[in-house]
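Since the structure comes first, as structure tokens, the remarks are kept for the end.
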Amino acid sequence: MDFGDTEDVARFRRRLRDWLADNVIVPEPGEPEPMFLKRWHQVLYRGGWVGLAWPKEYGGQELGNVYDVVLNEEVGAADAPDAPRIGYLGRALLQWGTDEQKDRYLPGLLNGDDFWCQGFSEPEAGSDLANIATRATPGEGGYRITGQKVWSTYADYADHCLLLARTGPADGRHKGISAFVVAMDAPGVRIRPIVAITGESEFSEIFLDEVAVPEAARIGVEGDGWPIAMMTVAYERGAADVGYLSKFGAALQELRAQSDLDDPAVCTELGRLEVHYRVLGQHVRRRLQERESSDALPGPEMSVDKILMTSVDQALHGAALRLAGPAALSGQVNPEWLRRYLYGRAASIYGGSEQVQLNIIAQRLLGLPR
Amino acid sequence: MSTAPHRGSLDGSDEDSLLRSTAGAIAERCRSGSSEAGDHLRCRAALADAGLLELRSRDEDGAPLATATQAGIVVEELARSTCGAGLAGTTIAAELLAATGAPDTGDAATVALRADLESWAEPGDAVVWDAAGAARALAVVDGSVVAYATGSEIAQADISRTLLATGSSRTLTAVEAATASRVITFAHLVLTADLLGTASGILDDAVAYAGTRVQFGKPIGTFQAVQHLCARAFVQVEAMRSSLVYASWLFDADHDRREAEEAALVAKAYASEVAVEVIEAAVQVFGGIAITWEFPAHLHLRRALLTARVLGGPAVLQRRVLSRSEG
């Protein structure tokens, strides 16, 4: 296995690093996070750093996946905001969208003018996504969609939602699910931001009451939306998404700077966290190499990656809260280490809970019987 | 059917794969034998016949016959059967001899460590580790390569390997600090490979057993409690493999020695911590049979407990990683 940059990749990395040195932006006072991320997306787009792997026909550069990894690595190292995660939506539209849909949605997705959210999870369909109940009823010229979605990131700022709804029988599980693009300003769409455990609002509930959606907004064949959902989920937090690594690295540095390094027990604990953090980085590099040398879609091995990522997140932020002592809890409602610790508790729940990931590993990687 | 990535799926070349299957065949014969000392010598003879004891000897151009990645592959395969043929000690000693240009007398060598195993031997504090077939043991002591004669056997926890007292010692040659630390880096890779093999060998057996052992009318592998035990251990094995493969690549590429040293430290620190946990999980899956003397699970556990200490246990290496990382 060869982990080195090729000459082309090394050149790309240098060029990007130089560009980032002059172009990283910071939030305006009072600027909401999603608006800031949108502005950053547009800056990156103008710099020519968005859609690296996309087809040229749709504004991409047809570069290998490794370039997105380098983008994520360098953006993280420059302490810039995350690069936009549009690959998972782009792939779904590129593979299943009609030419008309590609022309309509891809440019705004690429240049950052349109903000997208995802309408997959429901109150009764979390890790068990096939249990969705939101219904799309066919009618004249299209569908009427009624139901409830949850955990949609920044839905209150979104222009479009890639949404799953049932077009087949209620008990059809994966069969009879269709994918739609729903305009978030359509009549009957109501959005309620969820105040999360940290006190912040990143996610929303979406309520749909007889929302009219034209047939032209259905992605793929009616009743055949499950593969679209699975592909989207597979790419949502793919191996290329290494932004979390630089976040963990920065948190470790910070924790170390405020710890008593004359205490051997503290050094052992920090050293252990450093070891696990670096092993995670080495594991991700291996995955990227595997992905580079294979055309296969990400599969059940992603569950291994998710569990490693979660364990570093939770070990790091749990230890930070402990090492920071009472000061991390007193004085204000939401001091930084508490906020990160609380945020970390979500890691073993979102994107398929820890228990579901373990089931996948046991049954699909180890071949244990069901 | 299992779709788990075969452990050789990361092997980069046909040569790597061939080495794995050659070593794997010897390990398979080792596994079917008893753990008597005489068998260690039979395995050792088989390794010698296949050229696997000379992986780090140098060719006429001074290049090693096998990469560190390949040495790791062979060591991992033999460790899967807790083979006690002295491969790890021999391979590290060969690297020390070759890297320092110390005269090779041809006597089989292994390494001499402090009695707590956590670093090279020191004056007055020296044992011979992984001693099967070895006539002498080497260590870096005060900037020199020192050879110890082997002494009497010491009773100790790892019954898959032989530990001996040391006899007289003599200094062979001086060694530069940079060379000594590169040998330690290589040793960390070998030891990580040994821990990986020791752990993954028994975990694979435990997973296979969970698929066939029936209780309450079903294979125990259908119970989520058992599945999750296996799955978590598998994640740890995969992470050990990732860090070994990456650190070995850095060592072989040899373009940044500091980075290679740190990656190997990280790999050994991690494996030293988790290998024992993986084996404990396997013991739990096997249940009662695993806590008997006749069943090999304890050979894995005992071996990992000691290998985890060799040239730095978890706490020592964790602190070393911290002190070397940029603050």
Side-chain angles (χ1 to χ4, degrees), chain A residues 1-4 249 252-253 255-257 259 261 264-287 289-290 293-294 299-301 303-312 354-370, chain B residues 1-5 9-12 69 203-204 207-208 210-211 218-224 226-232 234-236 238-250 253 255 262-263 265-267 269-270 273-274 314-323 325-327:
Chain A
M1 195 161 253
D2 186 344
F3 293 92
L252 261 174
Q253 293 262 13
L255 180 57
R256 178 195 172 119
S259 294
L261 299 179
V266 169
C267 287
T268 306
E269 177 150 24
L270 289 178
R272 179 174 178 275
L273 294 170
E274 182 80 32
V275 165
H276 284 241
Y277 159 70
R278 293 216 197 178
V279 166
L280 173 66
Q282 293 167 346
H283 178 77
V284 168
R285 294 186 83 113
R286 161 188 162 189
R287 259 320 170 241
Q289 285 304 318
E290 288 175 332
S293 53
S294 151
E301 77 283 356
S303 296
V304 173
D305 313 356
K306 168 89 196 294
I307 285 178
L308 279 175
M309 183 193 81
T310 302
S311 72
V312 171
E354 181 99 341
Q355 286 61 41
V356 167
Q357 308 294 349
L358 290 168
N359 286 350
I360 292 172
I361 292 170
Q363 292 163 12
R364 295 179 57 196
L365 289 175
L366 298 179
L368 286 169
R370 277 169 193 267
Chain B
M1 200 195 81
S2 168
T3 53
S9 65
L10 301 181
D11 293 349
T69 302
L203 179 65
D204 287 355
V207 168
K218 308 175 198 174
I220 60 169
T222 57
F223 301 123
Q224 280 191 334
V226 175
Q227 291 189 347
H228 290 192
L229 199 57
C230 294
R232 279 197 191 283
F234 179 69
V235 169
Q236 292 176 314
E238 284 290 279
M240 271 194 271
R241 185 176 301 288
S242 298
S243 66
L244 174 64
V245 167
Y246 181 69
S248 302
W249 171 78
L250 269 176
H255 49 59
E262 285 184 13
L265 262 181
V266 165
Y270 183 75
E273 182 190 343
V274 306
V316 166
L317 296 185
Q318 284 159 358
R319 287 197 295 274
R320 206 175 296 164
V321 167
L322 185 76
S323 69
S325 61
E326 289 160 32

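In what follows, every chain begins at residue 1, and chains take the letters A, B, ... in the order their sequences are listed.
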[atom1]/[X] to [atom2]/[Y] distance, rounded to the nearest 0.5 angstrom?
| X | Y | atom1 | atom2 | value |
| --- | --- | --- | --- | --- |
| E269(A) | Q318(B) | CD | CD | 9.5 Å |
| N359(A) | H228(B) | CG | NE2 | 3.5 Å |
| E238(B) | I307(A) | CD | CD1 | 12.0 Å |
| R256(A) | S325(B) | CZ | OG | 4.0 Å |
| E290(A) | S9(B) | CD | OG | 6.0 Å |
| L244(B) | Q282(A) | CG | CD | 9.5 Å |

(request) Using a cut-off of under 4.5 Å on heavy-atom pairs, state which of G281(A), S303(A), C267(A), S311(A) scores highest against chain B. (result) C267(A)

(request) Considering only heavy atoms and a distance below 4.5 Å, find which of E354(A), R370(A), Q357(A), H276(A) pairs most often with chain B. (result) H276(A)

(message) Which atoms of R285(A) are under 4.5 Å from chain B, going by heavy atoms: the side chain, the backbone, both sets, or neither?
(response) side chain

(message) Quick check on L273(A) against chain B: is it the side chain, the backbone, both or neither that has a heavy atom closer than 4.5 Å?
(response) neither

(request) Check whether A263(B) gets within reach of chain A through its side chain, its backbone, both or neither, counting any heavy atom under 4.5 Å. (result) both

(message) For R232(B), which atoms come within 4.5 Å of any heavy atom of chain A: side chain, backbone, both, or neither?
(response) both

Which heavy atom in [X] sits nearest to a heavy atom in [Y], and how many Å separate them?
| X | Y | value |
| --- | --- | --- |
| V266(B) | V279(A) | CG1-CG2, 3.6 Å |
| W249(B) | F3(A) | CE2-N, 3.3 Å |
| A362(A) | Q227(B) | CB-CB, 3.4 Å |
| L368(A) | A210(B) | CD2-CB, 3.9 Å |

(request) Take Q355(A) and Q224(B) through the side chain to side chain contact (heavy atoms under 4.5 Å, CB included) test and state the conclusion after the steps. (result) CA-CA 9 Å; Q355(A) 286 61 41; Q224(B) 280 191 334; over 6 Å; no

